[in-house]
2 protein chains.
Amino acid sequence: MSPTSPASDEMIQQAIERIWETLPSTWHTVRGQVRRTAVEEFGVTLEQFHVLRHVRGGSATVSEVAEAKQISRSAVSQAVDVLVEKGLLTRVQSRTDRRYVALALTPSGDALLNAVFARNRAWMQAQMAGLAADDAEALLHGLAVLQGLFKNA
Amino acid sequence: MSPTSPASDEMIQQAIERIWETLPSTWHTVRGQVRRTAVEEFGVTLEQFHVLRHVRGGSATVSEVAEAKQISRSAVSQAVDVLVEKGLLTRVQSRTDRRYVALALTPSGDALLNAVFARNRAWMQAQMAGLAADDAEALLHGLAVLQGLFKNA
DNA sequence: CTTAATGATTATATAACTTAACTGTTCCGG
DNA sequence: CCGGAACAGTTAAGTTATATAATCATTAAG
C-alpha cells in the first residue's frame, strides 16, 4: 500500500483557521440550546448538566469528574452537593476503600439527561433538515478526523 | 443538474452523536490551551480574551459584543472596564450619536491577540503534525458543513 | 506505629455573570 | 419645539462557578 501523503503546511494553516471560525460559534450555539432547555425546563444549570453528563460518561468519582472537566476536586464536590440536594445524583462511599465516594445518577438524574438530550437532538435534527447525503458524509468524516487530532492533547 | 439526495435519518442521528462526541471535548481542549497561554503568559482571563477577539472580529460596541457573546450588556460593560484598565481596549464616544461608545483594540491589545493566536497556531500545528492530506481535506469540508448548519441558529 | 499519601470536603475569596435601577442621548408625535 | 418613548451604556447588588488553602478520614509504606 502506498503511504498517504502528508498535508501541506498551507492546508494545515487553513484547517486551523477553519477550526477557529467554526468551533467557538458552533459549540456556543449548541450549548446555548442545551442551556436554555436545562435551565428553563429542568431547573439545572449548564454546569450541573455537564457534571451529570460526565458521570453518565463513565466518571464515577469526584476526582474523575474533576480530571475530565479539568477543574478542581473541590469545585466538583460543591457541584455534587447541589445535584445530590436536587435528587439527581447519589454519593456512596466505597466499602473497599472508604476514601472513595462513588457517584451515580438517580433515576430522575438519568431521566433529566435523557430529556435534555432528546430536546437537543430534536433541535439539531431541525437544523440539519435538508442536509445533503454527501455533506452529511463529509461532516462525519471531518469530525472523526478532528476528534482524532485533539484526543490526547 | 441532478438534485443531491438528502441524508437519511439514520445518518443524521449518527452525525448528531458524533457532534456530541467531538465538539465538547475538542473545544474544551483547544480552549484550555488558549486559557493557559492567555492567563499564564499575558495575564488576561479567557473571557477577557474572547471579548478582545469579538472586537477584532467586528463587534464595535458593547451591544454588539453582548449580542455576539449572548450575554448581557452590563456584563460586557464590566469586562470592558477591566480591559480598558489593562490598556488593551479603548472606549470612544461616537460624535454622531453620543449614546454609542466605539470599542477598539489598542496596539497592545492587538499584539496580545496576535501573540495568543500565534501560540495557539503553533500548538495546533504540532497536534496536526503528520496529518494526511486527504484527512485534512475531509476536515476542511466537514467543518464547512458544520459551520453552515448552525450559523443561523 | 508513625508518617506520608490520597480522596473528599469545608472555608473563604474572586471572577463572571445576572437583573434592576439609573444616566445620558436621540427620535418622534402632538 | 417639547415631552415622552426608545436606546446605549453604566452602576449596584446578588448569584454561581470556580480557585486555593486548610482539614478530615482513610489507606499505604517505612
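What you see is a predicted model, and the numbers here were worked out from it, not measured in a lab. Both backbone and side-chain heavy atoms feed into the values below; hydrogens, waters and symmetry mates do not. Protein chains get the first letters and strands the later ones, always in sequence-line order, with residue 1 at the start of each.
Side chains of Arg53(B) and His50(B): a donor on one and an acceptor on the other come within 3.5 Å. With no hydrogens or angles considered, a side-chain donor-acceptor pair links Arg56(A) and Asn114(A) at under 3.5 Å.
The interatomic distance linking Arg95(A) (CZ) with dT27(D) (C1') rounds to 18 Å, in whole Å. Whole-Å rounding puts the Gln93(A) CD to dA8(C) P distance at 10 Å. Asp81(A) places its CG atom 19 Å from the P atom of dG7(C), with the value rounded to the nearest Å.
Looking at residues 96-105 of chain A, you'll see Arg99(A), Tyr100(A), Val101(A) sit with a heavy atom under 4.0 Å from some atom of DNA chain C.
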Show, in sequence, the C-alpha distance, side-chain angles and deciding distance for Gln33(A) and Thr29(A), and conclude whether the side chain to side chain donor-acceptor pair (under 3.5 Å) test is met. CA-CA 6 Å; Gln33(A) 194 278 337; Thr29(A) 302; over 6 Å; no

Side chain to side chain contact (heavy atoms under 4.5 Å, CB included) evaluation trace for Arg99(A) with Gln93(A): CA-CA 7 Å; Arg99(A) 288 173 301 184; Gln93(A) 197 176 39; over 6 Å; no

Quick one, Thr61(B) with Ser63(B), criterion side chain to side chain donor-acceptor pair (under 3.5 Å). Give me CA distance, side-chain angles, the key distance, then yes/no. CA-CA 5 Å; Thr61(B) 64; Ser63(B) 292; 4.9 Å; no

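For the pair Ser63(B) and dC7(D), the criterion of a side-chain N or O lying under 4.0 Å from OP1 or OP2 is not met.
With hydrogens and angles disregarded, no donor-acceptor distance shorter than 3.5 Å links the side chain of His141(B) to the backbone of Gly142(A).
Between Arg91(A) and Asp81(A) there is a salt bridge, since a side-chain N of the basic residue sits under 4.0 Å from a carboxylate O of the acidic one.
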Tabulate atom names and distances for all N/O pairs under 3.5 angstrom spanning the protein and nucleotides 14-21 of chain C.
{"unit_1": "dA16(C)", "atom_1": "OP1", "unit_2": "Thr45(B)", "atom_2": "OG1", "d": "2.5"}
{"unit_1": "dA16(C)", "atom_1": "OP1", "unit_2": "Glu47(B)", "atom_2": "OE1", "d": "3.4"}
{"unit_1": "dC17(C)", "atom_1": "N4", "unit_2": "Gln78(B)", "atom_2": "OE1", "d": "3.2"}
{"unit_1": "dT18(C)", "atom_1": "OP1", "unit_2": "Ser72(B)", "atom_2": "N", "d": "3.4"}
{"unit_1": "dT18(C)", "atom_1": "OP2", "unit_2": "Ser72(B)", "atom_2": "N", "d": "2.8"}
{"unit_1": "dT18(C)", "atom_1": "OP2", "unit_2": "Ser72(B)", "atom_2": "OG", "d": "2.4"}
{"unit_1": "dT18(C)", "atom_1": "O4", "unit_2": "Gln78(B)", "atom_2": "NE2", "d": "2.9"}
{"unit_1": "dT19(C)", "atom_1": "O4", "unit_2": "Ser74(B)", "atom_2": "OG", "d": "2.6"}

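If you look at Trp20(B) and Trp27(B), their ring centroids are not closer than 6.0 Å.
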